[in-house]
Asks: 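Quick one: structure below, then a few questions.
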Amino acid sequence: MEKTWRWFGPNDKITLEMLRQIGVEGIVTALHHIPNGEIWSEEEVNKMKNFIEERGLRWSVVESLPVCESIKYGGPDRDHLIENYKESLRNLGKAGVKTICYNFMPVLDWARTDLEYPNPDGTSNLYFNRAEFAYFDINILKRENAADDYDEDTLRRMREEVAPRMNKEAEHRLVENIIVKTQGFVNGNITEDDLEPVNKFRELLDLYKGIDAEALRANMAYFLNAIMPVCDEYGIDMCVHPDDPPMPILGLPRIVTCDADIEAFLNAVPNTHNGLTFCAGSLSAGAHNNVVELAKKYASRTHFVHARICKVQPNGDFKESTHLDPRLIEVVRIFEKERPGVAMRVDHAPLMLGDDKMGYNAGYSFHGRMLALGMISGVMAALK
């Protein structure tokens with residue numbers, strides 16, 4: 001597999017020169033300065049491509065060319081937004097950038113409750129505490145009938161373990177972790193400049209009233225069918241990222257959470273350019289998923305791999321696991337055999353060796369990802 005790295009553009013504190021020194025071969029990035037829904041011009045695409053190539057690397061994957069919310073919920077301007085999307089794809093295809101990672105998650109890209117959960121060795125990881133998430137949903141967001149979406153054990157933990165330690169500062173940190181710090185740096189809906197993020201978040205949720213999983217699937221198929229002719233013309237592979245976490249949250253439908261979901265969207269648009277970003281981490285955050293079996297089944301339709309993995313607790317909480325987790329080693333083995341040239345990047349590595357003081361984007365430390373890349377590189381070398 002090609003060893004790639006998610007890089008957030010020229011303002012990223014981690015430079016391309018640094019990445020060359022640690023064995024990175026390809027870059028995963030996007031034109032983050034262009035607002036969602038606007039066209040990525042040939043000039044802007046080539047400017048980024050040349051910037052990367054002048055430093056001895058290549059632009060391997062776009063992550064992400066965002067799909068606007070209006071396309072997801074089927075708003076009145078979706079056809080106009082899809083035409084803009086197609087034009088951006090054409091300009092990427094002309095430049096030879098032909099792997100596009102995107103997601104079809106409503107409102108929230110990914111969710112964690114703790115961005116620096118302490119490990120015994122002094123490092124820290126991302127963590128999802130189901131009871132804390134329930135507290136946010138029920139007591140901060142105050143979503144109607146939210147309590148009905150949680151089992152009794154989660155509600156008990158929320159009342160007995162979470163609520164007693166919550167104050168104004170703790171609630172603010174929870175809001176920051178769930179809807180601000182994990183979203184704003186990736187063309188998300190909420191940014192750190194938003195003065196009332198919770199109110200804005202409620203407004204975004206309201207856009208999906210009446211949109212169930214079936215409607216969202218239909219909107220995804222509508223979008224994919226519309227762009228496939230461009231993908232065919234330029235040889236562009238679209239690879240959807242699984243929902244993170246892989247379960248319904250906040251009353252929103254989620255449609256890329258399991259084997260049946262993946263099979264459904266691939267069958268709905270059977271073009272080979274319609275494929276999957278195999279994120280072992282997102283899929284393994286659901287105890288219902290066997291990531292090794294899923295890798296075997298969908299290797300041929302996988303166009304991009306995220307090498308990370310999660311460990312789920314009996315109560316439904318989950319955290320990132322080591323990149324030497326035996327399940328992840330098996331996943332790497334499968335893709336090394338079945339898709340040897342596919343782009344792969346490590347993901348969501350620990351904060352370590354001062355990473356926590358550098359202001360890196362949540363989940364995207366330097367030293368932690370460098371260690372993870374070394375681990376996965378060693379696995380790949382051993383498999384060879």
Side-chain angles (χ1 to χ4, degrees), residues 103 105 108-121 123-138 146 149-158 161-162 173-179 181-183 241-250 252 254-259 261-262 277-295 305-332 345-352 361-365 368-369 371-372 375-376:
N103 78 71
M105 290 178 257
L108 203 60
D109 252 10
W110 55 290
R112 298 293 186 274
T113 56
D114 195 335
L115 307 183
E116 296 186 23
Y117 185 83
N119 297 317
D121 62 2
T123 64
S124 65
N125 274 106
L126 302 174
Y127 193 95
F128 184 89
N129 183 309
R130 189 167 172 77
E132 287 186 354
F133 194 83
Y135 183 93
F136 164 79
D137 194 4
I138 296 167
D149 291 346
Y150 299 93
D151 60 87
E152 184 50 45
D153 184 61
T154 298
L155 295 174
R156 178 195 59 76
R157 289 173 57 214
M158 182 194 75
E161 300 171 15
V162 178
R173 185 169 59 251
L174 203 55
V175 170
E176 288 277 297
N177 290 349
I178 294 174
I179 65 174
K181 289 184 177 179
T182 58
Q183 308 299 313
H241 191 287
D243 299 337
D244 188 4
M247 60 196 75
I249 58 172
L250 304 174
L252 296 167
R254 309 277 266 190
I255 58 171
V256 191
T257 67
C258 61
D259 184 9
D261 285 351
I262 297 170
T277 294
F278 194 93
C279 180
S282 296
L283 292 167
S284 63
H288 56 282
N289 286 324
N290 182 323
V291 290
V292 174
E293 293 304 314
L294 291 175
V305 175
H306 286 185
R308 68 177 180 88
I309 200 148
C310 289
K311 184 175 182 179
V312 182
Q313 310 296 329
N315 59 15
D317 294 359
F318 64 86
K319 63 173 289 188
E320 310 293 330
S321 184
T322 172
H323 284 73
L324 293 180
D325 186 298
R327 294 169 298 162
L328 188 54
I329 292 174
E330 286 303 311
V331 168
V332 171
R345 72 170 176 85
V346 295
D347 202 2
H348 292 194
L351 292 171
M352 58 188 298
N361 295 327
Y364 295 96
S365 64
R369 279 192 289 168
L371 174 64
M375 289 175 169
I376 296 299

Asks: Test of understanding: with side chain to side chain donor-acceptor pair (under 3.5 Å), list the residues that count as partners of R112, not counting sequence neighbours.
Replies: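 With neighbours one apart ignored, the set is D244, E320.
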
Asks: Tell me the closest heavy-atom pair linking P350 and S365, and the distance in Å.
Replies: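 Heavy atoms of P350 and S365 come nearest at O-OG, 2.9 Å.
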
Asks: Ignoring hydrogens and angles, tell me if any N or O in the side chain of N289 forms a donor-acceptor pair with the backbone of V291 under 3.5 Å.
Replies: no

Asks: For N129 and E132, indicate whether the former's side chain and the latter's backbone hold a donor-acceptor pair under 3.5 Å.
Replies: yes

Asks: If you round to the nearest 0.5 Å, how far is CZ of R369 from CZ of R345?
Replies: 7.5 Å

Asks: Considering non-hydrogen atoms only, spot the tightest contact between L324 and I329 and give its length.
Replies: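 For L324 versus I329, the nearest heavy atoms are O-CD1, 3.6 Å.
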
Asks: Quick check on side chain to side chain contact (heavy atoms under 4.5 Å, CB included): which of V256, N290, D259, L294 does L283 satisfy it with?
Replies: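 Of the listed residues V256, N290, D259, L294, the side chain to side chain contact (heavy atoms under 4.5 Å, CB included) partner of L283 is L294.
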
Asks: Can you list everything that forms a salt bridge (Lys or Arg N to Asp or Glu O under 4.0 Å) with E330? Sequence neighbours excluded, please.
Replies: R333

Asks: Looking at residues at least two apart in the chain, or sitting in another chain, which of them share a salt bridge (Lys or Arg N to Asp or Glu O under 4.0 Å) with D114?
Replies: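 Not a single residue meets the salt bridge (Lys or Arg N to Asp or Glu O under 4.0 Å) criterion with D114.
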
Asks: Which value, rounded to the nearest 0.5 Å, describes the distance between M105 atom CE and I255 atom CD1?
Replies: 10.5 Å

Asks: Over 60° means perpendicular and under 30° means parallel, so tell me whether Y127 and Y117 are parallel, tilted or perpendicular.
Replies: parallel

Asks: Measuring from T322:OG1 to N125:CG, what's the distance to the nearest 0.5 Å?
Replies: 9.5 Å

Asks: Which heavy-atom pair separates A146 from I138 by the least distance, and what is that distance?
Replies: CB-CG1, 3.9 Å

Asks: Is any side-chain heavy atom of T113 closer than 4.5 Å to one of F136?
Replies: no

Asks: Restricting to non-hydrogen atoms, name the atom on S284 and the atom on A280 that form the minimum distance, rounded to 0.1 Å.
Replies: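 S284 and A280 have their closest heavy atoms at OG-O, 2.7 Å.
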
Asks: Do the rings of F128 and F318 sit parallel, tilted or perpendicular, given the 30° and 60° boundaries?
Replies: parallel

Asks: Quick check: do S282 and R308 have side-chain heavy atoms less than 4.5 Å from each other?
Replies: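 SC-SC contact between S282 and R308 confirmed.
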
Asks: Kindly compute the distance separating CG (L155) from CZ (R130), expressed to the nearest 0.5 Å.
Replies: 9.0 Å

Asks: Evaluate the side-chain proximity of V175 to I179: yes if any heavy-atom separation is below 4.5 Å, no if none is.
Replies: yes

Asks: Do L328 and H323 touch side chain to side chain, with heavy atoms closer than 4.5 Å?
Replies: yes

Asks: Which heavy-atom pair separates A111 from L108 by the least distance, and what is that distance?
Replies: CB-CD2, 3.8 Å

Asks: Write down the atom of M247, the atom of A285, and the distance for their closest heavy-atom approach.
Replies: CE-O, 4.0 Å

Asks: Say whether, by atom type as modelled, one donor and one acceptor occur between the side chain of N119 and the main chain of D121 under 3.5 angstrom.
Replies: no

Asks: Can you tell whether the side chains of R254 and D261 come within less than 4.0 Å, N to carboxylate O?
Replies: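 Looking at R254 and D261, the cut-off is not met.
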
Asks: Going by heavy atoms in the side chains, are L115 and E176 under 4.5 Å from each other?
Replies: no

Asks: Is there a donor in the side chain of N103 and an acceptor in the side chain of D109, or the other way round, less than 3.5 Å apart?
Replies: yes

Asks: Taking N315 for the side chain and T154 for the main chain, is one N or O donor matched with an acceptor at less than 3.5 Å?
Replies: no

Asks: Decide side chain to side chain contact (heavy atoms under 4.5 Å, CB included) for Y364 and D347; before the verdict, give the C-alpha distance in whole Å, the side-chain angles of both, and the deciding distance to 0.1 Å.
Replies: CA-CA 7 Å; Y364 295 96; D347 202 2; 3.5 Å; yes

Asks: State the SG-CG distance between C310 and D317, to the nearest 0.5 angstrom.
Replies: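 Output value for this atom pair is 12.0 Å.
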
Asks: With rounding to the nearest 0.5 angstrom, report the CG to CG distance, D137 to D149.
Replies: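 Answer for the CG-CG pair, D137 versus D149, is 7.0 Å.
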
Asks: Whether the side chain of T277 engages the backbone of C279 through a donor-acceptor N/O pair (distance < 3.5 Å, no angle test) should be reported.
Replies: no

